[in-house]
Amino acid sequence: MRRVEHVMGFPVSLRVDDEGFPESAADALFARLREADARFSPFREDSEVSRLDRGDLDPEALSPELTEILDLCERYRIATGGAFDVRLPGRRLDPCAVVKGWSVQRGADLLTAAGARRFCLNAGGDVVAAGGPWRVGIRHPQHADRLCTVLHLTDGAVATSARYERGDHILDGRTGRPATGLLSLTVVAPTLTEADTVATAAFALGREGIDWAAARPGCEVFAVDADRRVVRTSGFPTAGAVREPAA
């Protein structure tokens with residue numbers, strides 16, 4: 001089975017290799033992602049996040065899901081000393097850095113519960129996979145038609161934070177200014193909830209974020225800093241040769 005839909009502002013592709021896997025489970029996956037977008041997007045005026053941000057929703061009346069998301073945001077704010085912060089002064093509440101990985105991981109869990117054993121779920125370049133190995137390419141941070149490296153992903157997730165798609169959109173919450181110490185940072189972790197959030201939080205920290213992410217239990221890291229130096233942890237599951245990025 002192969003499916004591609006545009007959800008949450010990016011293409012989401014699904015491949016399931018299990019024979020006879022029901023289309024209804026894939027339908028449920030994409031429905032769940034659309035629901036998460038409707039409920040937690042800061043760009044939808046009627047979302048739970050927007051209503052909370054405007055003061056139209058009592059904080060005591062939050063759904064269990066949004067409470068979980070905001071608890072994760074707070075956990076990473078504390079862990080980074082404020083570099084990762086979804087409540088920056090003068091800006092709307094924006095938990096997207098957690099919502100994307102969290103919602104896609106929940107979708108992957110739904111696939112597993114429905115009987116999928118070998119699948120790859122790619123959400124805008126961030127991947128959850130099972131039953132591999134799968135080969136996942138990491139885009140060069142300065143050349144869209146090149147890869148920095150390729151990794152083997154068997155059962156787990158990989159996420160990248162970078163400046164190439166949306167420019168300097170990740171801010172260092174300690175200063176309120178764009179984080180510019182890195183060009184890209186990729187994290188492999190057991191779940192996409194963790195991989196995506198750790199990648200964004202580490203990027204916000206700048207160059208020090210490489211060691212911070214590498215110290216997280218179960219995380220492996222591949223990073224390119226602002227001087228185009230490549231750093232990777234010893235356990236990063238590289239499948240091909242690493243090429244030093246060139247300007």
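All values below were derived from every heavy atom in this structure, side-chain atoms included, with hydrogens, water molecules and symmetry-related copies excluded.
- Side-chain contact annotation: E220 with T233, donor-acceptor N/O pair under 3.5 Å present.
- To the nearest 0.5 Å, the span separating CG on L171 from OG1 on T175 amounts to 7.5 Å.
- Using a 4.5 Å heavy-atom threshold, the side chains of L153 and L151 count as touching.
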Q. Hey, mind stepping through R92 and D53 against salt bridge (charged side-chain N to carboxylate O under 4.0 Å, His left out) and telling me if it holds?
A. CA-CA 7 Å; R92 68 177 70 189; D53 191 41; 5.7 Å; no

**Q.** Derivation and outcome, salt bridge (charged side-chain N to carboxylate O under 4.0 Å, His left out), residues R3 and D27
**A.** CA-CA 10 Å; R3 289 266 294 269; D27 293 340; 3.1 Å; yes

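- Ion pairing between a basic and an acidic side chain is recognised when a charged N comes within 4.0 Å of a carboxylate O; R44 and D37 show such pairing.
- Atom CZ of residue F236 and atom CZ of residue F222 lie 6.5 Å apart, to the nearest 0.5 angstrom.
- Here the SG atom belonging to C148 is positioned 8.5 Å from the CD atom belonging to Q142, to the nearest 0.5 angstrom.
- For R174 and E208, the salt-bridge test passes: some basic side-chain N is under 4.0 Å from an acidic carboxylate O.
- Distance check, rounded to the nearest 0.5 Å: CG of L93 to SG of C73 gives 7.5 Å.
- Side chains of S47 and S50: a donor on one and an acceptor on the other come within 3.5 Å.
- Remark: T67 OG1 to L72 CG distance equals 11.0 Å, nearest 0.5 Å.
- Cation-pi geometry between R15 and W134 is not satisfied (NZ or CZ under 6.0 Å from the ring centre, within 45° of the ring normal).
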Q: Take R87 and D94, measure what salt bridge (charged side-chain N to carboxylate O under 4.0 Å, His left out) needs, and give me the verdict at the end.
A: CA-CA 7 Å; R87 297 179 181 271; D94 185 358; over 6 Å; no

Q: Let me see the working for S161 and T200 under side-chain hydrogen bond (donor to acceptor under 3.5 Å, both in side chains), right down to the final yes or no.
A: CA-CA 6 Å; S161 286; T200 305; 3.2 Å; yes

**Q.** Candidate pair S63 and R39, rule side-chain contact (heavy atoms from CB on, under 4.5 Å), full reasoning
**A.** CA-CA 10 Å; S63 67; R39 292 179 61 192; 3.0 Å; yes

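- Checking each of E35, E48, R106 against E65 for a side-chain contact (heavy atoms from CB on, under 4.5 Å) leaves exactly one that passes, namely R106.
- Each of L57, D46, D58, L62 was evaluated against R51; a single residue qualifies, L57, per the side-chain contact (heavy atoms from CB on, under 4.5 Å) test.
- Between D85 and R77 there is no salt bridge, since no side-chain nitrogen of the basic residue lies less than 4.0 Å from a carboxylate oxygen of the acidic one.
- Judged by distance alone, the side chains of T238 and R232 do bring a donor and an acceptor atom under 3.5 Å apart.
- Electrostatic pairing of K100 and D126 counts as a salt bridge here, judged by a charged N lying under 4.0 Å from a carboxylate O.
- Heavy-atom contacts from other residues, nucleotides or ligands closer than 6.0 Å to CZ of R91 number 12 or fewer.
- Taking CG of L33 as the reference point, atom CZ of F10 lies at 7.5 Å (rounded to 0.5 Å).
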